[in-house]
> 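The structure follows.
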Amino acid sequence: MKRPELWLYVAQRGSALVLAPLVLLHLGVILYAVAGGLSAAEILGRTRTSWIWPATYGLFVVAAAIHAAIGLRVVLREWTSWRDSSLDIATVGFGLTLLLLGFRAVQAIA
Amino acid sequence: MSGIERHETDLLILGSGGAGLLAALHADDKDPSLKITIAVKGLLGKSGCTRMVQGGYNVALAPGDSLQRHFMDTIEGGKWLNHQELAWRLVEGAVERIIQLENRWGCFFDRNPDGKLHFKAFAGQTVDRTVHKGDLTGIEIINRLAEQVWARGIRRLEEHRALALIPARDGERLSGVVLLDVRTGEFRFIAAKAVLLATGGGPTMYLYHTPSGDKSCDGLAMALRAGLKLRDMEMVQFHPTGLIAGKDTRITGTIIEEGLRGAGGHILDGSGERFMHRYDPRNERATRDIVSRGMYDQMRAGKTGPNGGVFITMKHLDPAMVRRQFKGMVTRCADVGFDLVGGDVEVVPTAHYMMGGVVFDLGCRTSLPGLFAAGEDTGGVHGANRLGGNGVANSTVYGGIAGETMAAFVKSGGGIVAPDEAAIEAAVADALRPFSRKPGDLNDLRERLYRLMWDDVGIVRDEAGLTRGQKALDELATELGEAGLPDTTRAFNLTWADWLSLDSLILTSRAIAAAALKRDDSRGAHYRSDFPETGSLERSENTVVTLKENRIAVTTEPVAFTRVRPGQTLS
Amino acid sequence: MTTLEVEIWRGAEEGRYETYEVPSQPSQTVLDLVTYVQRKLDPSLAYRFACRVGVCGSCAMTVNGTPRWTCRTHVQKVATQGRVRIAPLRNLTVVKDLATDMAPFFDKVQEARGRFIPSDAAAKSVAEVPPEEPKRKEADAGIECIGCGVCHAACDVVRWLPEYLGPAALNRAWTLVNDARDGDRIGHLRAIAEDAGCHACHAHQSCAEHCPVGINPTRSISGLKRLVLMAAIRGRL
Amino acid sequence: MRRHASYRAFLVHRLSGVALALFLPVHLVVLGLALEAAALDGFLNWSAQPLVKAAETILVVLLALHLFGGLRLLAIELLPWSDRQKDWIGWAAAAALTVGAGFVVRSFI
Ligand SMILES: Cc1cc2nc3c(=O)[nH]c(=O)nc-3n(C[C@H](O)[C@H](O)[C@H](O)COP(=O)(O)OP(=O)(O)OC[C@H]3O[C@@H](n4cnc5c(N)ncnc54)[C@H](O)[C@@H]3O)c2cc1C
Ligand code: HEM
Ligand code: SF4
Ligand code: F3S
Ligand code: FES
């Protein structure tokens with residue numbers, strides 16, 4: 001693709017826009033969960049009652065994988081001398097790892 | 001054959017002010033196959049005075065204005081010493097140039113609320129005709145031109161100082177130029193089919209002066225040495241209000257905007273009294289020359305502030321108005337420690353512009369084939385005084401013309417010709433001379449030059465002073481010749497540069513002093529206390545200075561009134 | 001008379017600081033300190049200036065760690081306990097002592113297509129552009145750049161990603177896309193959407209913080225980011 | 001050169017982003033353990049220890065800082081320029097600290 005850096009930027013900001021409400025929600029959940037002192041079973045009991053939770057967290061995982069991977073790549077390019085294509089491969093690798101781990105987790109709550 | 005580096009180019013342009021940059025662009029437009037090189041003492045577009053233009057650019061485009069009126073104001077302002085054809089071409093060319101600057105090169109000048117060009121008032125003009133970009137007009141012009149030059153295949157020799165114009169072996173025409181690469185300290189000879197002298201004059205030999213630090217009359221000195229004629233060199237314009245803050249700060253001499261007087265600013269002597277009413281019923285709003293002389297008079301009478309100047313103050317005016325209307329000036333003063341809004345700021349008249357310069361024709365040709373000239377290096381357009389706003393018009397109009405004539409000159413057979421090798425050797429040897437001498441005190445030489453030009457060849461002149469000045473200049477020239485430099489490094493050696501600048505300045509100063517002695521009347525910028533009256537306008541003459549065997553010779557030539565005679569007007 | 005202790009970088013990329021004693025004056029800029037050293041103490045010192053009043057942008061240096069225009073910086077404003085440390089501008093190569101090679105900085109302006117492209121070069125009159133038009137106001141806000149390189153030196157992204165176009169070049173591009181007379185808006189956008197273009201900026205705002213003439217390149221760059229984003233999404237690049 | 005609010009905001013955003021990015025895989029692994037609910041319970045017990053609680057608090061604060069700082073950046077990049085954007089740094093920090101405080105309050109009381 002032409003102008004890869006521009007499109008990475010678009011993807012990074014786009015995923016940030018998706019993440020923003022999800023993280024807000026997640027923060028809400030955390031506050032709710034810790035305050036309620038919920039046990040694992042209780043948490044899972046709630047998430048498993050509807051498809052909304054898994055779907056939401058699924059989206060979260062996709063967006064976070066894109067966002068964090070590109071974000072780390074930017075940091076590495078600027079703060080280290082790692083600039084060649086191996087960095088791109090590592091970025092993709094990191095993103096895929098997040099996806100994999102993320103879906104395993106989502107499966108757990110589904 | 002001298003062992004210095006050599007290059008060839010079609011056009012060699014010396015200087016990157018308005019004149020140099022427009023010459024390059026016009027020549028490139030006219031014939032894109034030309035190899036064009038711009039050599040400049042500082043950085044391209046960042047040196048010279050066009051960039052410093054504040055007030056603006058005169059052009060007869062305002063409703064109710066006309067070429068005739070702009071022309072007549074220019075001639076009246078010039079006290080009938082102008083070369084009338086050159087002045088006419090200026091006013092005509094300004095219209096063309098402003099439109100190109102806007103539409104082709106991208107300058108944007110201030111508009112009225114309705115979107116049409118704004119014209120502001122400038123002293124000495126019967127119509128508001130000055131186009132401007134705030135009070136930073138020069139930045140807009142030079143930035144736009146420089147980025148266009150940068151975009152083209154024009155070769156840049158930045159921080160290259162032209163040292164000498166080298167004639168062809170047969171002496172019939174110009175062959176090229178010897179330059180010093182400031183960064184490495186090495187010499188280069190550039191052979192060119194046509195060379196433009198656009199180094200921008202600049203009266204920096206006075207104790208107080210406005211031009212940028214890179215200007216030291218090198219072009220005028222080179223022209224004199226190459227046998228060219230300089231006209232009206234006695235005409236040095238002083239701006240009445242330059243900052244003065246001691247001799248060890250480069251701020252001294254820089255301009256405090258003229259508009260302050262227009263807006264009601266007062267000028268006070270050392271004891272805080274106004275005095276301009278004693279010189280002119282218009283008080284502080286009198287013309288540049290009258291205010292300068294009034295201030296100078298007070299200074300000579302010892303009624304000065306701590307640094308030897310007088311004061312300008314705005315403190316009796318509405319501070320909000322001053323802050324709003326003179327924002328740039330107020331912050332500039334504040335940055336360097338002065339309060340323009342509520343305090344007194346010490347000022348002196350300061351040498352600003354040279355009306356005189358190389359004799360040239362409507363196509364920017366000089367008497368040396370292959371050598372062209374434009375901008376402040378040339379003389380004739382402004383006569384005895386330059387209107388504010390005609391300076392940048394001059395450099396941009398004639399710079400463009402020069403580019404076109406040079407392109408045509410090359411096309412019609414101006415080729416590369418073999419240089420006079422002895423002249424190259426001599427130029428290099430001259431420049432290296434100080435390294436084989438015992439180190440001298442350049443600061444002392446510079447301060448003495450400043451002082452003597454100020455005292456004896458300055459705002460008010462007389463025969464005794466001029467004669468004294470000439471003698472002192474001759475002595476300085478000899479002393480500079482003896483003064484050496486420590487042979488540390490030649491690369492980026494600013495002290496060497498100071499030496500070379502002094503060399504040009506002293507020679508040009510000699511030309512000014514000689515022409516000033518020759519002109520035995522007072523007109524425009526030239527004031528002789530022993531001849532305070534203006535002589536017959538009908539029998540006006542131009543002074544012409546040449547250098548022969550290191551002696552300055554002055555002659556006069558009658559002004560040709562080709563369009564109007566004194567007493568007449570064009571309409 | 002009190003004196004200042006002035007440390008000045010000597011050499012090129014490799015070098016060291018040398019200390020000089022300079023008498024203190026009531027009106028004294030950083031450029032004056034350097035001039036004093038060259039005139040009175042060490043004639044071989046190299047530095048650059050031209051206009052001495054803040055319009056040419058030749059005299060910028062790093063003063064006590066901060067990039068500044070030295071001809072308009074009063075010593076009192078920067079001296080800490082009578083000491084001033086002067087170094088060449090960051091992010092440019094040093095030619096000698098305090099003078100840097102500014103050509104790469106201006107090359108970037110060209111890379112950003114930072115020059116006017118006429119829409120009607122042969123027009124016989126000057127275009128009518130009301131100064132209160134929002135686009136003109138945007139252009140005017142960024143147009144008085146003196147090309148001093150201070151923002152370029154202040155920007156860490158320029159440091160970390162040397163190919164980054166940098167704040168001054170992008171600011172110029174922004175003034176052009178807002179110029180009603182320019183004939184190649186999309187061309188300017190394409191140039192600054194290249195790999196080291198406007199989206200490499202992280203809004204550090206060091207540029208705006210230090211620009212001596214009060215230009216805000218961050219503002220210009222964020223404007224460009226929006227235009228580029230829209231153009232990219234619409235497939236117009 | 002780096003001593004001003006916007007630069008500090010950038011650093012906080014970057015460092016929090018990196019920290020989150022490094023923490024995220026760990027977090028997901030742990031969540032994955034929920035496959036066996038018992039393991040998660042064990043984990044939740046472990047995470048009730050004060051030290052772990054403190055670390056969690058920091059993470060929540062980092063997430064909030066990164067979120068609000070990110071919103072600020074998105075606003076700079078996507079909305080028309082506002083000279084008030086400097087104030088947003090303060091608001092973003094305040095919002096993040098409020099979330100952090102909320103977390104502390106709710107988990108200990
Ligand atoms: C502070 C100030 C304000 C002014 N305001 C106005 C105004 O409002 N309106 C107006 O009409 N005029 C104004 N003028 C006058 C106007 O700026 C000049 O008349 C005009 O711009 C000169 O243009 P130029 O191209 O001839 O020379 P410059 O613009 O001075 O350029 C000369 C160039 O030659 C280079 N050079 C010098 N020596 C050498 C050498 N030996 N070798 C190579 N290169 C060399 C310099 O570095 C520079 O690049 C002002 C001048 C000053 C100083
Ligand atoms: C799971 C959560 C998140 C992780 C792991 C994460 C991680 C990262 C990383 C590593 C960076 C690179 C840092 C840098 O370039 O300076 C980054 C940048 C960024 N993040 Fe996040 N982030 C997350 C959530 C968010 C959210 C919710 C938002 C938005 C509102 C956001 C907005 C941004 C923005 C705008 C950038 C670009 C910063 C810049 O280029 O200067 N992030 N993120
Ligand atoms: S934007 Fe400001 S700091 Fe940057 S080059 Fe222009 S004037 Fe200098
Ligand atoms: S400092 Fe650099 S990161 Fe952007 S806002 Fe200015 S260009
Ligand atoms: S010398 Fe021109 S900006 Fe300082």
Side-chain angles (χ1 to χ4, degrees), chain B residues 42-43 45-48 51-52 61 98-100 102-106 108-117 133-134 136 138-140 143-144 146-148 150-151 158 183 212-214 245-246 248-251 254-255 332 335-338 442-443 485-486 488-489 491-495 498, chain C residues 25-29 31-32 35-36 38-40 43-58 71-74 76 95-97 99 102-103 106 109-110 114-116 118 120-132 139 143-147 172 176 179 181-182:
Chain B
L43 296 184
K46 295 174 82 66
S47 47
R51 193 176 175 96
M52 300 175 74
L61 275 173
I98 277 291
I99 291 174
Q100 286 169 342
E102 273 264 347
N103 297 334
R104 180 150 174 68
W105 312 123
F108 187 82
F109 300 106
D110 282 1
R111 301 295 208 265
N112 293 319
D114 66 357
K116 296 205 171 74
L117 272 183
K133 174 86 189 89
L136 297 171
I139 297 179
E140 176 68 3
N143 277 357
R144 300 298 80 85
E147 68 201 22
Q148 296 290 342
W150 208 274
E158 292 188 283
R183 293 182 189 174
S212 61
D214 50 299
D248 286 329
T249 174
R250 294 209 188 256
I251 286 294
T254 58
I255 291 187
R332 186 189 290 183
D335 281 352
V336 291
F338 300 98
L442 289 191
N443 298 313
L485 295 170
T488 46
T489 166
F492 225 125
N493 186 330
L494 294 186
T495 309
D498 284 346
Chain C
Q25 309 270 358
S27 295
Q28 191 171 38
T29 63
L31 177 63
D32 294 332
T35 302
Y36 184 92
Q38 177 250 328
R39 284 188 177 166
K40 305 275 172 69
S44 67
L45 176 66
Y47 56 100
R48 191 184 283 127
F49 79 102
C51 71
R52 68 214 158 98
V53 288
V55 302
C56 73
S58 314
C71 69
R72 288 273 297 267
T73 301
H74 201 289
Q76 271 167 20
V95 176
K96 187 184 160 202
D97 302 339
M102 294 194 80
F106 288 103
V109 176
Q110 292 304 324
R115 59 180 177 276
F116 181 73
D120 187 1
K124 285 283 168 261
S125 66
V126 168
E128 279 184 25
V129 185
E132 291 301 311
I143 202 69
E144 278 169 5
C145 168
I146 60 172
R172 174 63 184 132
L176 284 160
D179 189 333
R181 307 162 308 157
D182 190 275

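Just so it is clear, the structure is predicted and the values come from calculations on it, not from any experiment. Numbered from 1 within each chain, the chains take letters A, B, ... in sequence-line order.
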> Could you look at B:Thr254 and say if it's the side chain, the backbone, both or neither that has a heavy atom under 4.5 Å from chain C?
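B:Thr254 touches chain C through backbone and side-chain heavy atoms alike.
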> Do you know which of C:Gln76, C:Arg48, C:Lys40 has the most heavy-atom pairs with chain B at a distance under 4.5 angstrom?
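The option with the most such pairs is C:Arg48.
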> Counting only non-hydrogen atoms closer than 4.5 Å, does B:Glu102 touch chain C with its backbone (N, CA, C, O), its side chain (CB onward), both, or neither?
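Both the backbone and the side chain of B:Glu102 come within 4.5 Å of chain C.
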> Just by modelled atom types, is the B:Ala491 backbone N or O under 3.5 Å from a matching donor or acceptor in the C:Lys96 side chain?
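Flag set: sc C:Lys96 to bb B:Ala491 pair under 3.5 Å.
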> If you apply the rule side-chain contact (heavy atoms from CB on, under 4.5 Å), what do you find for C:Phe106 with B:Glu147, and how did you get there?
CA-CA 8 Å; C:Phe106 288 103; B:Glu147 68 201 22; over 6 Å; no
> Who are the side chain to side chain donor-acceptor pair (under 3.5 Å) partners of C:Glu144, not counting sequence neighbours?
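Here no residue qualifies.
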> Find the one option among C:Ala127, C:Ser44, C:Ala122 whose heavy-atom pairs under 4.5 Å with chain B are most numerous.
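Among the listed options, the one with the most contacts to chain B is C:Ala127.
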> Between C:Val95 and chain B, with a heavy-atom cut-off of 4.5 Å, which part of the residue counts as in contact: side chain, backbone, both or neither?
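The side chain, not the backbone.
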> Which pair of non-hydrogen atoms, one from C:Val55 and one from B:Met52, has the smallest distance, and what is that distance?
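Here C:Val55 and B:Met52 meet closest at CG2-CG, 3.8 Å.
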> So, C:Gln25 and B:Thr249: side-chain donor and acceptor under 3.5 Å apart, yes or no?
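Their side chains do not contain a donor-acceptor pair, so the 3.5 Å distance test is not met.
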> For C:Leu45, is it the side chain, the backbone, both or neither that has a heavy atom under 4.5 Å from a heavy atom of chain B?
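C:Leu45 touches chain B through backbone heavy atoms alone.
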> Need one label for B:Arg144: side chain, backbone, both or neither, based on atoms under 4.5 Å from any heavy atom in chain C.
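Contact with chain C involves the side chain of B:Arg144 alone.
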> Name the region of B:Asp114, side chain, backbone, both or neither, that has any atom closer than 4.5 Å to a heavy atom of chain C.
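Answer is backbone: N, CA, C or O of B:Asp114 sit under 4.5 Å from chain C.
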> Would you call C:Glu128 and B:Arg111 a salt bridge, using N to O less than 4.0 angstrom?
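Looking at B:Arg111 together with C:Glu128, the answer is no, because their closest N to O distance does not fall below 4.0 Å.
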> Does any heavy atom of chain C fall under 4.5 Å from the side chain of B:Asn112, the backbone, both, or neither of them?
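Interface part for B:Asn112: backbone (N, CA, C, O).
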> Could you check which of C:Cys145, C:Ala139, C:Cys56, C:Pro118 has the highest count of heavy-atom pairs closer than 4.5 Å to chain B?
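Heavy-atom pair counts peak at C:Cys56.
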> Identify which part of B:Phe109 has an atom lying under 4.5 Å from any heavy atom of chain C, answering side chain, backbone, both or neither.
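Neither part.
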> Considering only heavy atoms, which portion of B:Leu494 lies under 4.5 Å from any heavy atom of chain C: side chain, backbone, both, or neither?
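Both parts, backbone and side chain.
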> I'd like to know which of C:Ala99, C:Pro26, C:Gly114, C:Gly54 tops the heavy-atom pair count under 4.5 Å against chain B.
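With the most close heavy-atom pairs to chain B, the winner is C:Gly114.
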> Please report the shortest heavy-atom distance between B:Phe338 and C:Ser27, naming the atom on each side.
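So the minimum-distance heavy-atom pair works out to CZ-OG, 3.6 Å.
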> Find out whether C:Val129 and B:Phe108 are in side-chain contact, i.e. whether some heavy atom of one side chain is under 4.5 Å from a heavy atom of the other.
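Answer yes - side chains close enough.
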> Please give me the minimum heavy-atom distance between B:Lys46 and C:Ile146, naming the atom from each residue.
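Residues B:Lys46 and C:Ile146, closest heavy atoms: NZ-O, 3.2 Å.
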> Check each atom of B:Pro486 against the heavy atoms of chain C and say whether the ones under 4.5 Å are side chain, backbone, both or neither.
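Side chain only.
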> Give, as side chain, backbone, both or neither, the part of C:Arg39 having an atom under 4.5 angstrom from any heavy atom of chain B.
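Both the backbone and the side chain of C:Arg39 come within 4.5 Å of chain B.
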> Given heavy-atom pairs under 4.5 angstrom as the criterion, report whether the side chain, backbone, both or neither of C:Gln110 touches chain B.
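It is the side chain, since no backbone atom gets that close.
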> For C:Phe116, check ring-ring contact (aromatic ring centres under 6.0 Å, His included) against everything at least two apart and list the hits.
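Counting only residues at least two positions away or on another chain, C:Phe116 forms no ring-ring contact (aromatic ring centres under 6.0 Å, His included).
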